[in-house]
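Written out below as structure tokens is the structure these notes cover.
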Amino acid sequence: MTLKQIDVNAVMFRVAVTLLLDSPGTGSVAVQRSPLAELCACLHALDEPGHHPGSASWVARAHAGLDSELLATAAAWAPLWGAFRARYLLPLSAGPARTLAGELREVAGLPIGDFVAMTVQALIGKNDTELAPRLSDEVLHRLRLISTSRMEIGARLRADPEAFRGELLGFLTEFAAAAFDAEWPSLRPALDRDRAERVRDLRRRGALVLADLPTASTSSGARKPLRVVFDKLYNATARVDEGRPCLLVPTVHGRPHFVIKHYPGYPVVIQYSADGAATPTLETARRRLAALQDPTRLRLAYAILRNPVATSELAIQLGMTAPQVSRHLRRLREAQLVHTHRRGSVVYYQLDADAVERLGPDLLSVLYR
């Protein structure tokens, strides 16, 4: 097969989500901050910490501060905020900024048929708008093939949808009070900065700001709608207009995921990583560079890149004494390049891969200031 044939096949079998916008103006696109969306991004990071190195500090604090029962409950509900997040865990309508309590009230008022169908979508992991709002035996069998835990959630949902919703909203409220409410004020500045920048671009360029999002491409023609195409793992097409806007929702803890949801009758929602989240100060960048100049600390960073390792094990791997390893780990910790968590009396260290990956661009950003 020639390279040209490969290119043709790639186009023919492209898997994408396409948004159609009759008007490229500003009325069909809005930027919206969502505490509920960010709470669920945190919960997803808690369930899959390996995919979210930038959230490792919050995950470590959550594990240290939460009781085992609440953590177990979070794990049981986790399929709802996985890769195919339930649609109601993102903004259900456009409008002024809402509190978390306000967003949860909106979920509580969602028609129960829509709530069930959105939940089934998340459990099956497919943005299939043909799903029946009631869970049939066939759907439960399908969930059983995916995992026993998802089948159990589906069975609880079928038994009493209203009670299921009440339990979910109660858990989200309890978890937020225990582990998210204190985190939210530190996230708002980054989210607000990103929102302000997107709003300025929206006023200047209209819906073409969508082209700046990951994997996006655009096309338009005379008397044809603007087409914005995102490379995803499934095919779908959704129309966007002032009656059904596209809401852009920035996230800090959702990084690196890029989420598009398009349930009929509700706004299209795109959740994307906020620009400038966790940009370091000049002093932080200087400390990180200085810490990594030492060859021993580079070896240490390599040793803790993929898995958390205890000091004693690192001493064996590197042929050093435990106090020597501790001194180097302290320098990496002071430079905010490692995460720690405790199991009993043993402290484990893991490299903050996200911080290391962004060190070059971060240095450039602080020099521009």
Side-chain angles (χ1 to χ4, degrees), residues 30-47 55 58 62 65-67 69-123 133 153-154 156-157 159-188 191-192 195 245 247-254 257 259 261-271 274:
V31 189
Q32 197 157 313
R33 188 183 68 207
S34 170
L36 176 57
E38 196 63 23
L39 166 62
C40 292
C42 287
L43 283 162
H44 177 62
L46 183 69
D47 187 57
S55 300
W58 178 83
L66 297 176
D67 63 62
E69 184 177 348
L70 192 59
L71 288 170
T73 305
W77 288 109
L80 298 184
W81 39 78
F84 284 85
R85 192 158 304 161
R87 173 63 187 85
Y88 49 74
L89 298 177
L90 294 155
L92 288 167
S93 62
R98 294 169 176 81
T99 62
L100 176 61
E103 289 190 294
L104 292 177
R105 283 194 296 272
E106 198 165 7
V107 178
L110 187 68
I112 195 62
D114 287 351
F115 176 83
V116 170
M118 292 176 182
T119 304
V120 173
Q121 280 190 351
L123 294 175
I153 293 175
R156 288 168 54 203
L157 177 64
D160 192 335
E162 288 289 4
F164 178 97
R165 174 161 58 181
E167 290 173 13
L168 173 61
L169 295 179
F171 164 76
L172 291 172
T173 300
E174 181 183 4
F175 188 93
F180 180 74
D181 289 351
E183 175 77 355
W184 177 239
S186 68
L187 304 177
R188 287 180 57 177
L191 299 175
D192 287 342
R195 180 183 180 279
L247 304 181
L248 304 181
V249 180
T251 177
V252 173
H253 286 289
H257 295 305
V259 177
K261 305 298 289 186
H262 43 84
Y263 192 91
Y266 295 86
V268 174
V269 176
I270 299 177
Q271 188 182 40

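The shown structure was predicted, so the numbers you read here are calculated from the model rather than taken from an experiment. As a basis for the values below, the full set of heavy atoms in this structure was taken, side chains included, without hydrogen atoms, waters or symmetry mates.
Summarising the geometry of L89 relative to L36, their closest heavy-atom pair is O-CG, 3.8 Å, with the distance given to 0.1 Å. Closest of all the heavy-atom pairs between A274 and L191 is CB-CD2, 4.2 Å. In terms of heavy-atom proximity, F175 sits nearest to A74 at CE1-CB, 4.4 Å. The two atoms that bring T73 and F171 nearest to each other are CG2-CD1, 3.6 Å, heavy atoms only. Nearest approach of P161 to F115, heavy atoms of both residues: O-CE2, 4.3 Å. In terms of heavy atoms, E103 sits closest to P91 at OE2-CG, 4.1 Å.
Side-chain N or O atoms of H262 include none that pairs as donor or acceptor with a backbone N or O of V268 at under 3.5 Å. For the pair S55 (side chain) and W58 (backbone), a donor-acceptor distance under 3.5 Å is absent. A donor-acceptor pair under 3.5 Å is absent between the side-chain atoms of Q32 and the main chain of L247, judged by distance alone. Between the side chain of R165 and the backbone N or O of V107 there is at least one donor-acceptor pair closer than 3.5 Å.
To the nearest 0.5 angstrom, L169 atom CG is 13.0 Å from E174 atom CD. With rounding to the nearest 0.5 angstrom, the OG1 atom of T119 is 9.5 Å from the CD1 atom of I153. Here the straight-line distance linking atom CG of L66 with atom CG of L46 works out to 7.5 Å at 0.5 Å rounding. The CG atom of L172 sits 6.5 Å away from atom CG of L43, with the distance rounded to the nearest 0.5 Å. The structure places CG of L90 at 9.5 Å from OG1 of T251, a figure rounded to the nearest 0.5 Å. With rounding to the nearest 0.5 Å, the separation of CZ in F180 from OG1 in T173 is 12.0 Å.
The closest side-chain heavy-atom distance from V31 to V249 is not below 4.5 Å. Side-chain contact between Y88 and L80 is present, with heavy atoms from C-beta onward closer than 4.5 Å.
Paired with Q271 under the rule side-chain hydrogen bond (donor to acceptor under 3.5 Å, both in side chains), one option of H257, R85, E38 passes, and it is R85. Of the options V269, L92, D114, a side chain to side chain contact (heavy atoms under 4.5 Å, CB included) to Y263 is made by D114 and by none of the others. For the side chain to side chain contact (heavy atoms under 4.5 Å, CB included) criterion with R98, the lone passing option out of R105, R33, E106 is E106.
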